[in-house]
Amino acid sequence: MVSPSYVRTMGWRIIKGRDFLDGERDHGAVIVDEQTVKVLWPNENPIGALIKFGDRNSARPYVRVVGVMGDAEQFKRPPQFGPSTQTIRAIGKIFYLPGPSDTLADGMSRSWVTFIARGTKRPEELPVAIRHALQ
């Protein structure tokens with residue numbers, strides 16, 4: 001689960017479709033990487049495809065693929081094809097944009113948050129600017 005600016009902040013490139021939009025929350029948008037596309041939609045356009053997290057009987061809603069990003073170097077791994085457990089391991093990254101009334105996030109761990117920021121000025125000033133903005 002990420003914020004609308006996560007992909008941009010990380011400096012990753014959207015190669016198909018689009019990035020998350022500010023104000024898009026509660027619309028069930030996901031961005032997937034190229035590895036996920038190779039596993040779930042080989043030879044197909046994944047934009048607009050639906051994904052359901054959990055098992056088939058899950059009450060969680062379907063979410064829609066809005067973009068594909070290039071494989072980030074730290075996420076690359078060799079593809080594994082075969083039985084469903086191997087296919088699940090072969091899936092790459094799926095970034096989901098949660099909303100305030102999100103039922104998809106129910107049951108997922110909310111005990112920690114990772115905060116990522118990118119600055120354009122002197123790096124030593126960034127922690128102070130972040131603390132000021134959060135206050």
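Below, each value reflects all heavy atoms present in this structure, side chains not excepted, and no hydrogens, waters or symmetry copies. Keep in mind that what you see is a predicted model, and the values were worked out from it rather than measured.
Between the CD atom of Gln35 and the CE atom of Met69 there is a distance of 11.5 Å, given to the nearest 0.5 Å. Going from atom CG of Asn57 over to atom NZ of Lys52 covers 7.5 Å, rounded to the nearest 0.5 Å.
Pairs of residues two or more places apart, or lying in two chains, never qualify as side chain to side chain donor-acceptor pair (under 3.5 Å) while including a residue from residues 126-135.
For the residue pair Phe20 and Ala29, the shortest heavy atom distance occurs at CE2-O, 3.6 Å. The minimum heavy-atom distance linking Lys16 with Asn45 is given by the pair CD-OD1, 3.5 Å.
In this view, Leu50 and Tyr62, Arg64 satisfy the side-chain contact (heavy atoms from CB on, under 4.5 Å) rule, not counting sequence neighbours. Taking Ile15 as the reference, Arg13, Glu34, Val68 meet the side-chain contact (heavy atoms from CB on, under 4.5 Å) condition, with sequence neighbours excluded.
Taking the side chain as every heavy atom from C-beta outward, Ile31 and Asp19 approach each other to under 4.5 Å. Inter-residue side-chain proximity for Val65 and Val37 is flagged as unmet; no heavy-atom pair is nearer than 4.5 Å.
Under a 3.5 Å cut-off, the side chain of Thr36 and the backbone N or O of Val32 do not form any donor-acceptor pair.
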